[in-house]
Number of protein chains: 2
Amino acid sequence: MSNAETADMPDDGAPKTPDRLRRRASRLLSQLSTRSDRLITEGLAQADARKWHYAALASLQEYGPASQAALSRRTGIFSSDMVGVLNELVERDLVERGPDPDDRRRNIITISAQGRLHLLRLDKVLDGLHDELLAPLSPAERDQFVELLNRLLDHHTRSS
Amino acid sequence: MSNAETADMPDDGAPKTPDRLRRRASRLLSQLSTRSDRLITEGLAQADARKWHYAALASLQEYGPASQAALSRRTGIFSSDMVGVLNELVERDLVERGPDPDDRRRNIITISAQGRLHLLRLDKVLDGLHDELLAPLSPAERDQFVELLNRLLDHHTRSS
DNA sequence: AGACAACGTTTGTTGCACTAACGGTTGTGG
DNA sequence: CCACAACCGTTAGTGCAACAAACGTTGTCT
């Protein structure tokens with residue numbers, strides 16, 4: 001009976017967030033994630049791109065040509081969604097999609113010169129956006145934040 | 001020409017995530033958030049609850065009876081969604097919804113004894129789930145993680 | 001040969017964040 | 001007093017991301 005405010009005023013003034021909610025990592029994560037998502041999505045839209053474009057291009061750049069299935073596994077994008085992403089990338093001449101002569105089930109996706117260039121541009125854009133996203137954190141804190149996220153994500157992807 | 005693997009093997013073996021993606025906080029956030037969301041949602045489902053139930057009950061417990069609009073502001077739930085949440089809570093006798101005699105536009109929502117009890121149970125459930133969610137982190141790291149999240153979220157809710 | 005798995009694709013489902021519009025009510029300015 | 005804006009709760013609907021199901025095609029294994 002000592003913790004709750006049960007005074008006469010039932011309402012507003014300062015509509016503050018309950019303490020319980022400010023302590024739950026799950027809630028903070030989902031709230032922050034939607035803000036972050038919106039920021040990134042809008043930022044990339046001005047470069048005529050989506051975050052999945054970046055994921056696919058980055059994967060191609062770092063690991064070389066790959067099949068759509070391999071791309072799906074590396075980026076976490078579902079194959080069903082990968083189709084559309086690659087359609088858009090092909091449309092923009094950022095990648096090329098050709099049949100694999102050794103395995104006619106597969107397509108081989110290759111990044112183009114324009115694709116590499118576009119990837120560099122997107123890197124710049126994302127650098128700026130992340131500066132905005134992580135603005136209140138010092139460089140050291142940003143690194144630790146990323147490290148904690150990676151540890152958590154690794155843990156939850158292994159046991160899936 | 002020196003960084004990409006352009007060997008003969010075009011494909012799998014170890015479908016690892018590109019480095020670029022492992023460094024972007026936005027991506028880590030959204031990936032982790034979906035895992036976390038699923039974990040919490042499934043866990044709460046076994047207690048016949050959703051995360052929004054918790055948010056509403058917590059807000060009522062900490063700040064006392066309130067109108068639906070006030071609840072919306074405090075929890076971040078949209079009024080349009082609040083309707084359904086409260087319907088479910090009323091159905092379970094966890095809250096009571098009555099008209100405000102002083103302002104006939106409003107409803108006054110009050111948490112019931114059962115509601116308080118249910119909230120305690122949910123706290124226990126969430127404690128367990130967060131133990132699972134934050135498993136790889138030490139207690140100190142968990143605290144710092146939550147603090148960083150709060151700082152970021154505060155920053156991005158002020159400037160909205 | 002035949003069973004089975006992987007590939008790319010289409011289609012559809014679910015849940016969430018969010019917008020738009022509504023009738024009903026209140027407070028405000030003139 | 002009365003027009004008018006602002007707020008309330010509610011309904012309906014949009015857009016998008018994460019995912020599931022099924023398909024025909026192609027490769028692999030025995």
Side-chain angles (χ1 to χ4, degrees), chain A residues 10-12 15 26-27 29-42 44-45 50-56 66-90 95 97-109 156-157 160, chain B residues 10-12 15 26-27 29-42 44-45 50-53 55-56 66-73 75-90 95 97-109 156-157 160:
Chain A
D11 252 34
D12 296 309
S26 61
R27 169 157 231 274
L29 264 177
S30 89
Q31 293 261 126
L32 185 58
S33 175
T34 70
R35 310 255 174 192
S36 159
D37 260 30
R38 193 162 43 209
L39 185 74
I40 300 290
T41 299
E42 286 171 2
L44 285 182
R50 311 188 189 184
K51 36 185 182 153
W52 284 339
H53 295 191
Y54 181 75
S67 69
Q68 299 188 195
L71 273 180
S72 288
R73 279 176 237 122
R74 288 211 273 259
T75 57
I77 308 175
F78 274 61
S79 329
S80 29
D81 301 323
M82 181 63 76
V83 181
V85 174
L86 290 181
N87 284 342
E88 293 173 356
L89 291 179
V90 168
V95 305
R97 170 158 46 186
D100 184 338
D102 295 345
D103 186 339
R104 302 217 310 272
R105 288 173 302 181
R106 303 185 183 180
N107 294 334
I108 292 189
I109 313 296
H156 285 98
T157 37
S160 77
Chain B
D11 252 34
D12 297 310
S26 62
R27 169 158 233 270
L29 264 177
S30 89
Q31 294 260 126
L32 186 58
S33 175
T34 70
R35 311 254 173 194
S36 159
D37 260 29
R38 193 161 45 208
L39 185 74
I40 300 291
T41 299
E42 287 172 1
L44 285 183
R50 312 188 190 183
K51 36 184 182 155
W52 285 340
H53 294 191
S67 69
Q68 299 188 194
L71 274 180
S72 290
R73 279 176 236 122
T75 57
I77 308 174
F78 274 61
S79 329
S80 29
D81 301 322
M82 181 63 76
V83 182
V85 174
L86 290 180
N87 283 343
E88 293 171 357
L89 292 179
V90 169
V95 306
R97 169 158 47 184
D100 185 337
D102 295 345
D103 186 340
R104 302 217 311 272
R105 290 173 300 182
R106 304 185 183 180
N107 293 334
I108 291 188
I109 313 297
H156 285 97
T157 37
S160 77

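Treat the numbers as computed from the prediction; the structure is a model and nothing was measured. Each chain gets a letter, A, B and so on, in the order the sequences are listed, and its residues count up from 1.
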So which of B:S67, B:P99, B:P101 actually passes side chain to side chain contact (heavy atoms under 4.5 Å, CB included) with B:R106? B:S67
Could you check A:D37 against A:K51 for side-chain contact (heavy atoms from CB on, under 4.5 Å), going step by step and ending with a plain yes or no? CA-CA 9 Å; A:D37 260 30; A:K51 36 185 182 153; 3.2 Å; yes
Rounded to whole Å, please give me the gap between CG in B:D100 and C1' in C:dG24. 15 Å
Would you kindly give the CG-to-C1' distance between A:D102 and D:dT28, to the nearest whole Å? 15 Å
Could you grab the distance from atom CZ of A:R73 to atom OG of A:S79, nearest 0.5 Å is fine? 8.0 Å
Each nucleotide in nucleotides 10-18 of chain D should get exactly one letter: B, S or -. Can you fill that in based on protein heavy atoms under 4.0 Å? BBB-----S
Mapping B:D103 and A:D103 onto DNA chain D by nearest heavy atom, which one lands closer to the 5' end? B:D103
Rounded to the nearest 0.5 Å, how far does CD1 of B:I109 lie from CG of B:L86? 5.0 Å
When rounded to the nearest 0.5 angstrom, what distance separates CG in A:L44 from CG in A:L39? 9.5 Å
Separation of D:dC8 atom C1' from B:L71 atom CG, nearest Å, is 13 Å
Sole residue of A:V85, A:I108, A:N107 in side chain to side chain contact (heavy atoms under 4.5 Å, CB included) with A:Q68: A:N107
Tell me the interatomic distance from B:I77, atom CD1, to C:dA17, atom P, rounded to whole angstroms. 9 Å
Rounded to the nearest 0.5 angstrom, the CD1-OG distance for B:I40 and A:S26 is 4.0 Å
Roughly, in whole Å, what's the span from CG in A:L39 to P in C:dA17? 17 Å
To the nearest 0.5 angstrom, please state how far the CZ atom of A:R35 sits from the OG atom of A:S30. 10.5 Å
Distances under 3.5 Å only, N/O to N/O: pair up the protein atoms with those of nucleotides 2-6 of chain C.
| unit_1 | atom_1 | unit_2 | atom_2 | d |
| --- | --- | --- | --- | --- |
| C:dA6 | N3 | A:R105 | NH1 | 3.2 |

